[in-house]
Amino acid sequence: LEVIQTKVVGRAVVSTREFELGSMVIAEPPTMFFKTQEGFLEMFDAFLRLTRKDQGTIMSLQESSLSGRSVFLIQGEYQSFKHNNRVAANHFTVAMAKKLLAIVNENSQRFELKNTLHNTLPSVKTPEERILFTGIYSAACMVEHSCNPNCSTTIREGLIYCIASRNITTLDR
C-alpha cells in the first residue's frame, strides 16, 4: 500500500499490488492509544509518549471541526492541567490541544482489551476485566470511505485488520 495525494479527497491509500478476496490488506497496531474513560489528560499524555516521528504523523492527519461544547471542554481541561503543573501544559498550547482533539475525533477507533497476559495492564484488576481504549491507526485511517468498499475492517486485541472483501487490483483505492 502507498499513500498518495489526490485532487478530490486529499491523501488516500492505493494498492501497490493485487489482493485476492479474503486477503489481509492491513494489519496495524495503533500509532497512539489511550484509555477512553480517562479523557483528555490521558490523550495528551499518550501523545507525549510518542516519538517525534509518530507525533508528526498524528499531527499531519485530517482534522474534524469541533463542536462548541468540545472547544469549551478542551479549554477547561487545558486550564486545569496548566494550573496543576501537569507535564502536558509545558508542551501544549490551547491551539495544539484543540488540533489534537480534532484529529482524534476524526481518525480514532474504539476497542476493548481484556487482560489475559498476567496483568500487563496495571490498572486492570482482574484477568477478565475489560478496558475501553481509543486508538489512532495512522495507515488505516487514510483508507477512503466507500459505499462499495473493497475491504472490511475489524479490531482484535488492539490491532486493526483490513480484509479484502473482493479482488483488489493494483492502484485501487
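Quick caveat: nothing in here was measured; it's all calculated off a predicted structure. No hydrogens, no waters, no symmetry mates; every other heavy atom, side chains included, goes into these values.
Tyr137 pairs by the ring pair (Phe, Tyr, Trp, His ring centres under 6.0 Å) definition with nothing, not counting sequence neighbours. Lys98 meets the side chain to side chain donor-acceptor pair (under 3.5 Å) test with no other residue; sequence neighbours excluded. Checked against side chain to side chain donor-acceptor pair (under 3.5 Å), Thr170 has no partners two or more places apart in sequence or in another chain. With sequence neighbours excluded, the residues that form a side-chain contact (heavy atoms from CB on, under 4.5 Å) with Thr51 are Lys53, Asp54. For the ring pair (Phe, Tyr, Trp, His ring centres under 6.0 Å) test, no residue two or more places apart in sequence or in another chain qualifies with Phe19. Partners of Asp172 by side chain to side chain donor-acceptor pair (under 3.5 Å), not counting sequence neighbours, listed by chain and number: Thr169. A search for side chain to side chain donor-acceptor pair (under 3.5 Å) contacts involving Ser15 returns nothing, not counting sequence neighbours. Every residue meeting the salt bridge (Lys or Arg N to Asp or Glu O under 4.0 Å) condition with Arg49, not counting sequence neighbours, appears here in chain and number order: Glu42.
Linking Ile, Leu, Val, Met, Phe, Trp and Tyr residues whenever their side-chain heavy atoms come within less than 4.5 Å places Leu50 and Met43 in a single cluster.
The line from CD of Glu38 to OG1 of Thr134 is 11.0 Å long, rounded to the nearest 0.5 Å. How far OG1 of Thr57 is from CZ of Arg52: 13.5 Å, rounded to the nearest 0.5 Å.
For residues 148-173, there are no ring pair (Phe, Tyr, Trp, His ring centres under 6.0 Å) pairs, not counting sequence neighbours.
You'll find the side chain of Leu113 reaches within 4.5 Å of the side chain of Phe133, heavy atoms only. The closest side-chain heavy-atom distance from Ile136 to Ile58 is below 4.5 Å.
Applying the 6.0 Å contact sphere to CE of Met59 captures more than 12 heavy atoms from other residues, nucleotides or ligands. The environment of CD in Glu20 is sparse: at most 12 heavy-atom neighbours from other residues, nucleotides or ligands sit within 6.0 Å.
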Can you give each donor-acceptor pair under 3.5 Å made by side-chain atoms of residues 101-108, sequence neighbours left out, with the distance rounded to 0.1 Å?
{"residue": "Asn107", "atom": "ND2", "partner": "Gln62", "partner atom": "O", "Å": "2.7"}
{"residue": "Asn107", "atom": "ND2", "partner": "Ile103", "partner atom": "O", "Å": "2.9"}
{"residue": "Ser108", "atom": "OG", "partner": "Val104", "partner atom": "O", "Å": "2.7"}

